[in-house]
A.B. asks: 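Here it is, the structure in full.
These values consider heavy atoms only, across backbone and side chains, with no hydrogens, waters or symmetry-generated copies.
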Amino acid sequence: MKASAPAAEPREQGPNFIEAIIEEDNRTGVYGGQVVTRFPPEPNGYLHIGHAKSICLNFGLGLKYGGRTHMRFDDTNPLTEEPEFVESILGDVRWLGFDWGTHLHYASDYFEQLYRFAEELIKLGRAYVCSLTAEQISEYRGDFFKPGRDSPFRQRSVDENLALFRDMRAGIFQDGQHTLRLKIDMSAGNPNLRDPPIYRIRRARHHRTGDAWCIYPLYDYTHCISDAIEGITHSICTLEFEAHRALYDWVLAELKNIPPGASVAPPRGSPKQIEFGRLNLTYTVMSKRKLLRLVNEGHVEGWDDPRMLTIAGLRRRGFTPASVRNFAALIGVTKNDAPIDMSVLENAVREDLNASAPRALAVLRPLKVVLENWPAGDVDHVDLVNHPLKPELGTRKVPFGRELYIDAEDFEEQPPKGFFRLAPGKEVRLRGAYFITCTAVKKDAGGKVVELTCTVDRDSRGGEAKDGRKVKGTIHWVSAAHAVDVRARLYDRLFSVENPDDTFLEQLNPHSLDVVVAKAEPSLAQAAPGTHVQLERVGYFFADPKDSKPGAPVWNRVVGLKDSWSKEKKKG
RNA sequence: UGGGGAAUCGUCUAACGGCAGGACAACGGAUUCUGAUUCCGUUUAUCUAGGUUCGAAUCCUAGUUCCCCAACCA
């Protein structure tokens, strides 16, 4: 053993694989040291925690490398897109704390350019109008094992294609009658390369361009061009687009062949698509389809139900933007397709709220306690610290009297081994107040404990006995005469199984929501919506911004405190 | 009978030819007026088989397992 080994420096966490690519690009100068990323949602639904990972990744990269990040809506399917979603998405990204500056873009901004590029591709012999039906296209495409066959329309002349495509735009044809297809390779192993359609005829009102168009470009064609137009350098998407990368690169490469003097110049950018593994979390579902069923079939109260891992739901539940960002940083970025343990998310919000949330006392399942040696009508006001980690937040006066409530969980008539809360003949400390000892138990006809009689040691005011004796347990309490009733919603994980499958509706956690009326210290009835509090020994709560009324907050449990006693108890 | 990807503690994730590290979880202990927080400690990992090398998670070969792709969705 070395006599004086230097303290080991914690090793640096290396860059993730995307940062490694960027740093290499910066080193070689391919993009002149520029880093431009984008977050490109389709405005057809609400964002969830998985999108949050992508938002943090893209905006985080822009920030880290002194570049920028664009907000871009991939709005090429007018059937499913609505301005309402644009607004909610923008609000969610802002809430997470990110800023796109002047770079709010829409793929629909590029419709005219996209159209011209398509005409140029036709002129280059790289695109043709196909008049097969959707079923026929699918049939001609072959399958994984069988190569496709050329469309009978594949050899139309440039002039015919151009005329047809212009007529498509002009609205001469019916919906679905023709498509514009790329001419690539019907026998390619990658089915995305088997002459993919890039334009379809669809008479639908677009949320931004209205009725200006009756043909709309498809994703694979639109996305790469949009990236190139905006000067995106690193186009980051999820793993399921890996097989699309060949198409992405093909389109941009072909565009480079547009001759000088054409009606459009090729876009200057040469973005590269990089795929990462999307977020999966235990005890939840992430697919839009499943989330939709939860909402539509009434298993939750809406997209912003605090049990939903939508950003709107997280926000209402009381997660903080910082906790979501920290979570994203914690889980890292790789190409592995793997689930993250829900406890990592829960831990991230505990960590944030532990540092910031002021403390308060409330009893969720009240059990009355009468102090037999405390005069009725006598009221004391004891000092409680607002935040043990932040003494500068000071103390507050909390009323104390003869009749109190404690939590039913904090009393056991026959205490199990290791229980150091209240029990007949046992003494505990009421947090910040006095020591009490249980002397009698009152039960109802059914044998249920309904009231406790205790004695109080008035010399223990402030929570320290004069004679120096110690108690093992400290429990929370509230004065019955001063307590206010507050609504508390005790949220828990939405699913009771780690990996909900297709029978997810049968795997819902029946206890994901428990509504109680708690007895709380008076200040909790005055809290403004949107404020956080730690109910000591219970958990972190958030005054619901939607359901709270002035003077009547509704408290959402964000997450419980860690509870090693309940674990101990389970072990027996 | 195609194409594209991925395999490191229980779970995520580092190490890029040179001590397998961190976080979460679990377990034990210390401190504590929150059975919280904090602190300390413990257990547990390189998919398999060959090869190259003084030395392999890392390079090579062969295999295994898992994920994605056959919308006029994104």
Side-chain angles (χ1 to χ4, degrees), chain A residues 8 10-16 20 40-42 44 74-77 79-81 130 132-134 137-138 141-148 175-176 178-181 187-194 196-202 215-216 218-220 222-223 237-246 275 277 282 288 330-348 350-351 354-355 359 361 384-385 388-389 418-421 429-433 462-464 470-476 534-539 560-569:
Chain A
R11 279 191 221 174
E12 286 272 316
Q13 187 81 359
N16 65 47
E42 183 187 15
N44 71 343
D74 241 330
D75 55 349
T76 56
N77 185 358
L79 256 27
T80 59
E81 296 154 6
C130 180
L132 253 21
T133 65
I137 286 180
S138 163
R141 184 160 25 227
D143 58 35
F144 290 150
F145 313 112
K146 200 177 71 200
D175 284 13
H178 306 286
T179 55
L180 183 70
R181 292 227 252 168
S187 63
N190 180 350
N192 292 119
L193 265 17
R194 322 246 257 227
I198 58 170
Y199 269 92
R200 76 285 220 190
I201 303 171
R202 178 169 284 178
I215 57 172
Y216 291 97
L218 282 130
Y219 167 84
D220 284 305
T222 307
H223 200 88
C237 61
T238 45
L239 252 25
E240 67 268 29
F241 291 99
E242 276 173 329
H244 294 243
R245 190 175 59 239
E275 312 85 14
T282 58
K288 212 170 259 181
L330 228 44
I331 60 177
V333 180
T334 66
K335 297 186 83 134
N336 294 337
D337 180 27
I340 305 289
D341 202 299
M342 182 65 89
S343 67
V344 179
L345 213 211
E346 294 168 342
N347 189 265
R350 272 194 203 102
E351 190 176 276
N354 176 48
R359 315 284 131 126
L361 260 29
L384 273 105
V385 299
L389 273 24
F419 185 81
F420 47 83
R421 279 111 101 148
R429 171 168 39 232
L430 297 177
R431 168 129 250 234
E464 301 285 359
K470 301 287 181 202
V471 289
K472 187 77 174 144
T474 298
I475 64 175
H476 56 289
Q534 185 206 85
L535 261 29
E536 294 205 53
R537 301 212 316 130
V538 178
L561 256 29
K562 280 188 192 163
D563 181 4
S564 60
W565 167 243
S566 74
K567 254 192 301 193
E568 185 73 20
K569 213 164 52 172

A.B. asks: For Thr282(A), which contact category applies under a 4.0 Å heavy-atom criterion: base, sugar-phosphate, or nothing?
C.D. replies: nothing
A.B. asks: Indicate, with yes or no, if the rings of Trp565(A) and Phe419(A) have centres closer together than 6.0 Å.
C.D. replies: yes
A.B. asks: Between Val344(A) and Ala338(A), who's closer to the 5' end of RNA chain B by nearest nucleotide?
C.D. replies: Ala338(A)
A.B. asks: The criterion is salt bridge (Lys or Arg N to Asp or Glu O under 4.0 Å); which residues satisfy it with Arg245(A), sequence neighbours excluded?
C.D. replies: Glu275(A)
A.B. asks: Figure out the CG/C1' separation between Asn44(A) and C73(B), and round it to whole Å.
C.D. replies: 9 Å
A.B. asks: Sort me out a list of protein N/O and nucleotides 65-67 of chain B N/O pairs below 3.5 Å, or just none if empty.
C.D. replies:
{"from": "C67(B)", "atom 1": "O2'", "to": "Asp337(A)", "atom 2": "OD2", "distance (Å)": "3.1"}

A.B. asks: Using the test side chain to side chain contact (heavy atoms under 4.5 Å, CB included), find all partners of Pro15(A) that sit at least two apart in sequence or belong to another chain.
C.D. replies: Glu19(A), Glu23(A)
A.B. asks: For Tyr199(A) and Ile215(A), which heavy atoms make the closest approach, and how far apart are they?
C.D. replies: CD2-CD1, 3.9 Å
A.B. asks: In chain order, what residues pass the side chain to side chain donor-acceptor pair (under 3.5 Å) check against Glu346(A), with sequence neighbours excluded?
C.D. replies: Arg493(A)
A.B. asks: Taking OP1 and OP2 of G5(B), is either one under 4.0 Å from a side-chain nitrogen or oxygen of Arg245(A)?
C.D. replies: yes
A.B. asks: Say we look at C24(B) and A6(B): how far apart would their C1' atoms be, to the nearest angstrom?
C.D. replies: 22 Å
A.B. asks: Taking all non-hydrogen atoms of both residues, which atom of Asn190(A) and which atom of Ala246(A) are closest, and how far apart?
C.D. replies: ND2-CB, 4.0 Å
A.B. asks: Could you give the distance separating A56(B) and G28(B) at their C1' atoms, to the nearest angstrom?
C.D. replies: 36 Å
A.B. asks: With Arg429(A), which residues qualify under salt bridge (Lys or Arg N to Asp or Glu O under 4.0 Å), at least two apart?
C.D. replies: none
A.B. asks: Identify whether any heavy atom of Asp220(A) sits under 4.0 Å from a base atom; if not, whether one sits that close to sugar-phosphate; answer base, sugar-phosphate or nothing.
C.D. replies: nothing
A.B. asks: Does Ala188(A) offer a backbone N or O that forms a donor-acceptor pair with the side chain of Arg194(A) under 3.5 Å?
C.D. replies: yes
A.B. asks: Starting at the 5' end of RNA chain B, which residue's closest nucleotide do you reach first, Glu42(A) or Glu464(A)?
C.D. replies: Glu464(A)
A.B. asks: Rounding to an integer number of angstrom, what distance separates U34(B) and A26(B) when you compare their C1' atoms?
C.D. replies: 23 Å
A.B. asks: What is the distance, to the nearest angstrom, from the NZ atom on Lys146(A) to the C1' atom on C69(B)?
C.D. replies: 17 Å
A.B. asks: Protein within reach of the bases, or only the backbone? For nucleotides 34-46 of chain B, mark each nucleotide 5' to 3' as B, S or -, using heavy atoms under 4.0 Å.
C.D. replies: BBSS---------
A.B. asks: Is Lys567(A) close enough to A26(B) that one of its side-chain N or O atoms is under 4.0 Å from OP1 or OP2 there?
C.D. replies: yes
A.B. asks: How would you list, by chain and number, every residue that makes a side chain to side chain contact (heavy atoms under 4.5 Å, CB included) with Asn354(A), sequence neighbours excluded?
C.D. replies: Arg359(A), Leu389(A), Gln534(A), Tyr540(A)
A.B. asks: Checking Ser138(A) now: which residues fulfil side chain to side chain donor-acceptor pair (under 3.5 Å) with it, not counting sequence neighbours?
C.D. replies: none
A.B. asks: Atom CG of Asn336(A) and atom P of C9(B): how far apart are they, to the nearest Å?
C.D. replies: 10 Å
A.B. asks: Pairs under 3.5 angstrom, nitrogen or oxygen only, protein versus nucleotides 70-72 of chain B, please.
C.D. replies:
{"from": "C72(B)", "atom 1": "OP2", "to": "Arg141(A)", "atom 2": "NH1", "distance (Å)": "3.4"}
{"from": "C72(B)", "atom 1": "OP2", "to": "Arg141(A)", "atom 2": "NH2", "distance (Å)": "3.3"}
{"from": "C72(B)", "atom 1": "N4", "to": "Leu132(A)", "atom 2": "O", "distance (Å)": "3.1"}
{"from": "C72(B)", "atom 1": "N4", "to": "Ala134(A)", "atom 2": "N", "distance (Å)": "3.1"}
{"from": "C72(B)", "atom 1": "N4", "to": "Gly176(A)", "atom 2": "O", "distance (Å)": "3.1"}

A.B. asks: How far apart are the C-alpha atoms of Ile340(A) and Leu345(A), what are their side-chain angles, what is the distance that settles it, and do they pass the side-chain contact (heavy atoms from CB on, under 4.5 Å) test?
C.D. replies: CA-CA 9 Å; Ile340(A) 305 289; Leu345(A) 213 211; over 6 Å; no
A.B. asks: If the glycosidic angle sits within 90 degrees of zero it is syn, else anti. Tell me which applies to A25(B).
C.D. replies: anti
A.B. asks: Can you tell me, in whole Å, how much space there is between the P of C59(B) and that of A7(B)?
C.D. replies: 11 Å
A.B. asks: List the residues meeting side chain to side chain contact (heavy atoms under 4.5 Å, CB included) with Asn77(A), not counting sequence neighbours, and say none if there are none.
C.D. replies: Glu42(A), Leu79(A), Thr80(A), Glu81(A), Arg200(A), Arg202(A)
A.B. asks: Which part of the nucleic acid, if any, lies within reach of Val333(A) when heavy atoms closer than 4.0 Å are counted: base, sugar-phosphate only, or nothing?
C.D. replies: sugar-phosphate
A.B. asks: Could you tell me how far C9(B) sits from A49(B) if I compare only their C1' atoms? Round to whole Å.
C.D. replies: 23 Å
A.B. asks: Who are the salt bridge (Lys or Arg N to Asp or Glu O under 4.0 Å) partners of Glu242(A), not counting sequence neighbours?
C.D. replies: Lys335(A)
A.B. asks: How far, in whole Å, is C54(B) from G22(B) if one measures between their P atoms?
C.D. replies: 32 Å
A.B. asks: Scan Phe241(A) against the nucleic acid and name what it touches under 4.0 Å (heavy atoms): base, sugar-phosphate only, or nothing.
C.D. replies: base
A.B. asks: Report the secondary structure of RNA chain B in dot-bracket form, marking unpaired bases with a dot and bases paired to a different strand with |, and treating Watson-Crick or G-U pairs with both distances under 3.5 Å as paired.
C.D. replies: .((((((..((((....[..)))).(((((.......)))))....(((((..]....))))))))))).....
A.B. asks: Using atom P in both nucleotides, what's the gap between A25(B) and U38(B) to the nearest angstrom?
C.D. replies: 10 Å
